[in-house]
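Read through the structure below, which is laid out as structure tokens, and then see the notes.
Order of the sequence lines sets the chain letters (A, B, ...), proteins ahead of strands, with each chain counted from 1.
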Amino acid sequence: GAGVSQSPSNKVTEKGKDVELRCDPISGHTALYWYRQSLGQGLEFLIYFQGNSAPDKSGLPSDRFSAERTGGSVSTLTIQRTQQEDSAVYLCASSPQYLLGFFGPGTRLTVL
Amino acid sequence: RKEVEQDPGPFNVPEGATVAFNCTYSNSASQSFFWYRQDCRKEPKLLMSVYSSGNEDGRFTAQLNRASQYISLLIRDSKLSDSATYLCVVNTGRRALTFGSGTRLQVQP
């Protein structure tokens with residue numbers, strides 16, 4: 001069956017540019033999470049969506065980061081005016097309930 | 001203090017060895033606990049949930065100690081294929097999961 005998919009798989013951008021990362025969750029999963037993982041580091045929580053509730057944005061590192069989830073399905077994470085410290089793997093996960101998640105393969109973002 | 005702390009390792013063990021990892025958490029109200037496995041340059045995958053009474057899945061045993069606020073993962077008869085980073089994951093009361101930084105295991109022939 002289809003798992004969580006993310007696109008692009010790799011993104012190289014120049015400092016100061018905006019990027020959009022996409023996540024297609026498993027159909028029917030109400031919960032969707034974004035995490036990021038820097039090289040050799042643990043996962044850093046960014047944002048969480050659950051159904052129609054207001055998203056938990058407490059992990060977003062700055063106002064350059066934003067995310068949307070349209071129709072309770074696809075989510076887009078947008079990073080404006082990218083900085084080199086934004087370079088990381090951005091992981092999306094979805095879940096039928098909030099306790100555990102199934103991860104996508106991630107988007108590897110490199111900011112030059 | 002981090003919400004979830006793990007010894008980063010690496011733990012280098014020979015094939016067939018038994019190895020155990022601990023993970024401590026700071027929020028005593030935490031309710032749900034999991035171990036995930038992450039292979040190099042891959043996404044994390046759920047290994048097992050951790051139940052209050054302890055639980056076993058083949059060669060893997062997970063235990064929870066609420067009084068001391070730690071969970072453990074025991075791997076018996078280690079295989080080369082067990083080499084990975086093991087992530088401790090806790091529901092700390094926020095709606096999303098909090099991940100530890102992981103413990104790296106290297107099983108050697």
Which atoms of A:Leu91 are under 4.5 Å from chain B, going by heavy atoms: the side chain, the backbone, both sets, or neither? side chain
Measure distances from A:Phe102 to the heavy atoms of chain B and classify the residue's part below 4.5 Å as side chain, backbone, both or neither. neither
Using a heavy-atom cutoff of under 4.5 Å, enumerate the residues of residues 104-111 of chain A that contact chain B, numbered in order, or state 'none'. A:Gly104, A:Pro105, A:Arg108
Whether over 12 other heavy atoms sit under 6.0 Å from [X] [atom1]:
{"X": "B:Glu43", "atom1": "CD", "result": "yes"}
{"X": "B:Arg104", "atom1": "CZ", "result": "no"}
{"X": "A:Glu85", "atom1": "CD", "result": "yes"}
{"X": "A:Glu68", "atom1": "CD", "result": "no"}

Hey, what do you get for [atom1] ([X]) to [atom2] ([Y]), rounding to the nearest 0.5 Å?
{"X": "A:Phe103", "Y": "B:Gln38", "atom1": "CZ", "atom2": "CD", "value": "8.5 Å"}
{"X": "B:Arg41", "Y": "A:Leu39", "atom1": "CZ", "atom2": "CG", "value": "8.0 Å"}
{"X": "B:Leu87", "Y": "A:Gln37", "atom1": "CG", "atom2": "CD", "value": "7.0 Å"}
{"X": "B:Leu97", "Y": "A:Ser95", "atom1": "CG", "atom2": "OG", "value": "8.0 Å"}

Of the backbone (N, CA, C, O) and the side chain (C-beta and beyond), which part of B:Gln6 lies under 4.5 Å from a heavy atom of chain A, both, or neither? neither
Single-linkage hydrophobic cluster, 4.5 Å side-chain cutoff, [X] and [Y] together:
{"X": "A:Leu32", "Y": "B:Phe34", "answer": "no"}
{"X": "A:Leu43", "Y": "A:Phe45", "answer": "yes"}
{"X": "B:Ile71", "Y": "B:Phe21", "answer": "yes"}
{"X": "A:Ile47", "Y": "A:Val19", "answer": "yes"}
{"X": "A:Leu21", "Y": "A:Val89", "answer": "no"}

Verify whether the ring centers belonging to B:Phe99 and A:Tyr33 lie closer than 6.0 Å. no
